[in-house]
Amino acid sequence: MIDIKLIRENPDIIYRAMEKRGEDRCSIEEVIALDNSYRQLLKEAEALRARRNTVSDEIGRMKGKPPAELIAEMRQVGDRIKQIETEANQIAAGLEDKLLRLPNIPADDVPVGRDAADNVEVRSWGERREFSFKPLPHWDLAEKLGIIDFQRGVKLSGTRFYVLKGAGAALQRALINYMLDLHIQKHGYTEIFPPFMVKRECMVGSSNLPKFADNLYHDAEEDYWFIPTAEVPLTNLHRDEIIAPGMLPLYYVAHTSCFRREKMAAGKDTRGIKRGHQFEKVEIYKFVAPENSDDELTRLLNDAEDICYNLELPYRVIQLCTGDLGFAAVKTFDIEMWAPGCEEWLEVSSCSNCGDFQARRANIRYRPDNESKPRLVHTLNGSGLALPRVMIAILENYQQADGSIAVPEALRPYMNTAIIK
RNA sequence: GGAGGGAUCGCAUAGUGGUCUAGUGCGGCCGCCUGCUAAGCGGUUGCCCCGGGUAACCGGGGUCAAGGGUUCGAAUCCCUUUCCCUCCGCCA
């Protein structure tokens, strides 16, 4: 959520930000109008309350019975307060809803652009492997090796579901443990295993609701929401808290299943395991002081890249332009791995600085030192990494002429084998 | 799922309609005292919103789990919801 005071005092900044994102500006005008009428009503209600407080206090001090006219007048004042407050609350709710649907302001150094075509490649690492044979896409490789069962996945749960079997399941498990260990031991993150179903207000805090309900699975009976990423529970870990002096930065890593309806992408990427309704992901997450968040994003990105580097999978880092930036982000870098079989760059990670956007929604603050007032933290998140796409990259990059897969060196201690055949 | 008990300022507690602008202890902060430490003495103390001011600050409103109700006035009475505890039932 954008600070209403900023919108009130510097609307030009917000207009410019929305323009860079390709959003229209009329919602801002509505916000400003609602904010004005709300504050007007609030002022009235507060003045009446101040009067009531004084008079009630006087009545309390009186020895005898208070005059009937005074009681009658105060009864009217009470009714009026109720009236104004009802109206004010309605306006406040409308204002809140509008504010919750406004995207974050991009950082100044984010390249301006319309869509993904205007994203900027920052760097790349590793050579694309030369094959002496035609590399197969992962669905063919996996089918032949019997490590992914697409048909039975559909039998169990329908389209966009699959079953990992034998070495397929083992490879995923090895990757999860490997990634967790690296982030915990080398990069200093603390492991978290959160719930996969959360309350509505968690989804609002992380900014998945109210705007993106279409992408979420929801249990209507209990009002539980299935997490589309560990970012949701991790953000809410410190919801409504004031983090004590000296505690920041906080680094968390979590492996969770992720659940996405993928309504928006109907019909896209239906082949293989690139885009499923349920997938595993290791997520890295930081709560930091505002002045450090830009540096912390660089380090978070490096931590995610470290996995790609150690698995010896060629990748590139892309900076998202203003038009492609996610709703909550001020700045985002994607990591893409090359998949020689299906011949495309796979997004395996998205690393974002959300500034104080989620912190304001989720009311997450910190105290710089004992004497100071609480301030909003900055939150950062990144995949470290998304499992199915890393598996695609491994299968397709490490395939051999006979259809077997060499296990990346770093993963062998976790797999107890050097080859999948 | 059933029956009962509870939720108060960081923590522990007091408070059953107006002297509560929520008291006290601990902790925190400031100062004094003291070879050092501990102890002691004095003062201070959360968060949110609105208005004024460059600012320290000042004025007002809100906040006793959340929302609603009764009342001139609610931490206190009533209703609903949430969470926690005890017992019973069910359960990996």
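Every chain is numbered from 1 and lettered A, B, ... according to where its sequence line falls, protein lines coming before strand lines. Every value quoted in this text rests on a predicted model; they were computed, and no experiment measured them.
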- Rounded distance in Å between the C1' positions of B:rC47 and B:rA65: 15 Å
- What is the nucleic acid contact for A:Lys199, judged by heavy atoms within less than 4.0 Å: base, sugar-phosphate only, or nothing? nothing
- Query: Hey, which of these two, A:Leu42 or A:Thr54, hits RNA chain B nearer its 5' end, going by closest nucleotide?
  - Reply: A:Leu42
- In whole Å, what separates the P atom of B:rC11 from that of B:rG68? 25 Å
- Task: Name the pairing partner of B:rC41, where a pair is Watson-Crick or G-U wobble with both distances under 3.5 Å, or state none.
- Result: B:rG31
- Query: Considering only the P atoms, how many Å lie between B:rG31 and B:rU16, rounded to the nearest integer?
  - Reply: 40 Å
- Please work out if A:Asn53 contacts a base, only the sugar-phosphate, or nothing of the nucleic acid, heavy-atom cut-off 4.0 Å. sugar-phosphate
- Message: Suppose you measure atom P in B:rA75 against the same atom in B:rG69; what distance do you get, rounded to whole Å?
- Response: 15 Å
- Which heavy-atom pair separates A:Gly205 from A:Asn236 by the least distance, and what is that distance? CA-OD1, 4.3 Å
- Task: Select base, sugar-phosphate, or nothing to describe what A:Arg365 touches, counting heavy atoms under 4.0 Å on all strands.
- Result: sugar-phosphate
- Residue pair A:Tyr366, A:Arg375: steps toward the side-chain hydrogen bond (donor to acceptor under 3.5 Å, both in side chains) verdict: CA-CA 5 Å; A:Tyr366 76 107; A:Arg375 297 172 65 192; 3.2 Å; yes
- Query: When rounded to the nearest Å, what value does the distance between C1' atoms of B:rG15 and B:rC64 take?
  - Reply: 11 Å
- Message: Under a 4.0 Å threshold between the charged nitrogen and the carboxylate oxygen, would A:Asp149 count as salt-bridged to A:Lys165?
- Response: no
- Among side-chain atoms of A:His255 and A:Glu280, is any donor-acceptor pair under 3.5 angstrom? yes
- Message: So, using side-chain contact (heavy atoms from CB on, under 4.5 Å) as the criterion, who are the partners of A:Ile28 when residues are at least two apart?
- Response: A:Ile7, A:Ile14, A:Tyr15, A:Met18, A:Ile32, A:Leu102
- Given that both distances must come in under 3.5 Å, which nucleotide forms a Watson-Crick or G-U wobble pair with B:rC36? none
- Looking only at atom P, what distance separates B:rC87 and B:rC29, rounded to whole Å? 41 Å
- Query: Do A:His238 and A:Phe287 have side-chain heavy atoms sitting under 4.5 Å apart?
  - Reply: yes
- Item | Mate of B:rG46 where both pairing distances stay under 3.5 Å, Watson-Crick or G-U | B:rU63
- Message: Can you confirm whether or not the ring centre of A:Tyr414 sits under 6.0 Å from the ring centre of A:Tyr178?
- Response: yes
- Query: How far, in whole Å, is B:rG17 from B:rA56 if one measures between their P atoms?
  - Reply: 42 Å
- Note on the structure: Output for pair (A:Leu175 CG, A:Leu180 CG), nearest 0.5 Å, gives 10.5 Å
- Neighbours of RNA chain B within residues 71-83 of chain A, by heavy-atom distance under 4.0 Å: A:Ile71, A:Met74, A:Arg75, A:Lys82
- Item | Rounded distance in Å between the P positions of B:rU76 and B:rC33 | 47 Å
- The residue, A:Arg52 or A:Lys43, whose nearest nucleotide of RNA chain B is more 5′ is A:Lys43
- Would A:Tyr38 and A:Glu96 count as having a side-chain donor-acceptor pair, cut-off 3.5 Å? no
- Item | Pair partner, B:rA12 [Watson-Crick or wobble, under 3.5 Å] | B:rU24
- Would you say the side chains of A:Gln83 and A:Arg80 form a donor-acceptor pair under 3.5 Å? yes
- Tell me, please, the opening and closing nucleotides of RNA chain B, 5' to 3', among those with an atom under 4.0 angstrom from a non-hydrogen atom of chain A. B:rG18 to B:rG73
- Scanning all shown strands, the Watson-Crick or wobble mate of B:rC77 with both distances under 3.5 Å is B:rG69
- Message: Return the pairing partner of B:rA3 with a 3.5 Å limit on both distances, Watson-Crick or G-U wobble; otherwise return none.
- Response: B:rU86
